[in-house]
Amino acid sequence: MNTKYIFVTGGVVSSLGKGIISSSLARLLLSRGYRVTIQKFDPYINIDPGTLNPYEHGECYVTSDGHEADLDLGHYERFTNIKTSRANNVTTGRIYQAVIDKERRGDYLGKTVQIIPHITDEIKRNVKLLGKTGDYDFVITEIGGTVGDIESTPYLEAVRQLKWELGRDALFIHLTYVPYLKAAKELKTKPTQHSVKMLQSVGIQPDVLVLRTEKELPAAMLRKVGLFCNVAPEAVIQSIDQPTIYQVPLRMHDQHLDDIVIKLMDADPTPEPNMDRWNTFLHKLANATEVVNIGLVGKYVELQDAYKSINESLMQAATYLDRKINIVYIHSEKLTDSNVEERLKDMDGVVIAPGFGQRGIEGKFVALKYCREHDVPTFGICLGMQCMVIEFARNVLGLTDANSTEMDTKTPHNVIDLMEEQKSISNMGGTMRLGAYDCVLREGSRAAEAYGRTNISERHRHRFEFNDDYRQQFEDGGMKCVGENPETHLVEVVEIPEKRWFIGTQYHPEYQSTVLDPNPIFLSFVKAAIDYSKEK
């Protein structure tokens with residue numbers, strides 16, 4: 001079977017859930033035995049989201065090959081259980097950079113470089129790259145932004161051309177919004193009609209429409225939308241708000257989205273999707289009654305998308321342990337010695353969030369001191385792990401001025417320091433340890449017990465490291481360095497064995513936790529929190 005290319009576009013407003021629809025379709029096709037991958041094209045000019053403020057763009061997700069990517073790639077991996085790479089997320093910045101590099105090398109033989117054909121050709125090359133290199137049956141490409149945005153225009157032109165080149169091997173799914181006007185008590189399809197007209201005006205006719213709605217759409221309305229938009233009535237599908245995004249694949253299958261795609265693309269037929277494991281997860285999620293309370297201490301708590309992968313990892317772990325998760329967001333800037341007990345006393349476990357920079361850091365130290373002294377299960381991730389090290393150095397080892405050189409370049413006790421090879425680099429876009437690295441865990445440690453093995457691989461996103469000069473002092477003082485990189489011997493995991501569960505990881509385990517394969521260290525942490533809640 002030829003590789004089939006599915007393009008998912010959005011209209012009316014942004015944040016409708018193109019990534020969830022793309023991921024849901026991928027899950028259904030995978031469950032039918034097809035080989036599937038997804039990619040996201042982001043229309044901003046940044047090379048990648050690595051330098052974007054989380055308030056601006058939510059979490060920055062990291063792929064196993066070290067690419068800083070859009071948070072939708074997290075959805076892709078959680079839904080599909082497939083590891084993504086640099087090829088799965090492309091920005092306008094990368095497209096233009098590639099074209100300019102070619103122009104500088106003289107690849108265009110002195111021709112005038114233009115949006116058409118040079119930019120559109122580069123977009124098309126990136127779309128087809130996955131199909132050529134990965135041996136896939138389906139490549140689903142999500143076009144970021146909203147139809148009508150000036151930034152999206154080159155992408156729409158590129159995929160329009162691809163449709164003509166690929167024929168039945170290309171298909172368009174357009175996601176729009178059907179608003180409900182409360183005062184008039186009416187659902188309105190006009191925004192959808194306008195959105196499709198805008199798409200048609202650039203030469204694209206959608207094959208499938210997915211209508212995002214808060215209320216059930218009557219069959220007559222779905223037929224009307226199909227008639228006005230030149231889409232077969234059976235290919236007009238509604239996406240009603242669900243209690244959880246993980247229900248969406250089932251709702252799409254109920255309306256035969258996967259069958260429609262297979263039929264329209266003339267794909268080799270396969271059996272109905274096997275969703276048994278997915279349904280087991282959803283059954284547990286729906287039927288859990290007891291609650292586990294986890295405090296998440298960070299500086300971006302007003303915007304929960306900043307911690308999207310952590311939230312999902314905690315929820316997945318709690319679900320498999322038959323608990324509902326209640327994540328309490330605690331702003332680290334507002335946490336002090338005087339209010340910490342009031343904020344944390346009802347928590348069964350506490351996560352100290354990752355991040356960069358000085359803001360909110362002292363609140364993390366306050367939270368860690370309380371958790372360590374009151375033996376609350378505590379999980380520090382990346383900067384959270386570094387804060388664990390600094391707090392322990394200050395309050396247990398007596399190194400009162402201990403700090404990270406990220407926060408204080410003149411600290412006399414630089415227990416966290418810049419990696420040696422990074423000290424001469426000034427370009428913010430390329431200075432971090434990124435992607436998957438091996439880690440060897442100490443036999444008998446709590447971390448090794450959690451994973452059930454001593455050799456693991458997890459993803460990183462950081463510049464600063466545990467300073468090995470202090471390792472023996474920490475070991476003697478009771479904080480054990482139980483995980484290290486086998487090549488560089490950089491410390492990856494610290495823990496205090498005498499505590500219920502007090503572990504910090506330099507890596508980000510949330511990037512490798514999925515619906516069908518929750519990360520073992522999150523399972524171990526949430527189990528410790530459940531056990532603590534029973535003790536209380």
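Since the structure is predicted, the reported quantities are computational estimates derived from the model, not experimental observations. The first residue in the sequence is number 1, and the count goes up from there.
Using cut-offs of 30° and 60° for the angle between ring planes, the Tyr370 and His374 rings count as parallel. Between Phe525 and Phe379, the ring planes lie tilted relative to each other; the angle falls in the 30° to 60° range. Between Phe281 and Tyr246, the angle of the ring planes goes over 60°, which puts this pair in the perpendicular group of the 30/60° scheme. A tilted orientation is assigned to the rings of Tyr300 and Tyr307, their planes being inclined by 30° to 60°. In this pair, Phe474 and Phe466 present their aromatic rings perpendicular. The plane angle is above 60°, beyond the 30 to 60° band.
The shortest non-hydrogen separation linking Met388 to Gly380 is CE-N, 3.4 Å. When all heavy atoms are compared, the tightest approach of Val396 to Gly477 is CG1-O, 4.2 Å. Of all the heavy atoms in Thr80 and Leu30, the pair that sits closest is CB-CD1, 3.5 Å.
Within the cation-pi definition used here (under 6.0 Å to the ring centroid, within 45° of the axis), Arg78 does not qualify as a partner of Tyr76.
No donor-acceptor contact under 3.5 angstrom links the side chains of Asn279 and His283, judged on distance only. In summary, the side chains of Trp501 and Ser524 do present a donor paired with an acceptor at a separation below 3.5 Å, with no hydrogens or angles considered. Thr514 and Glu77 share no side-chain donor-acceptor pair at under 3.5 Å. When only modelled atom types and interatomic distance are considered, Ser404 and Gln386 share no side-chain donor-acceptor pair under 3.5 Å.
Under the 4.0 Å criterion applied to side-chain N and carboxylate O atoms, Lys40 and Asp72 are assigned as salt-bridge partners. Electrostatic pairing of Arg433 and Glu492 counts as a salt bridge here, judged by a charged N lying under 4.0 Å from a carboxylate O.
With Lys324 contributing its side chain and Thr319 its backbone, the two residues share no donor-acceptor pair below 3.5 Å.
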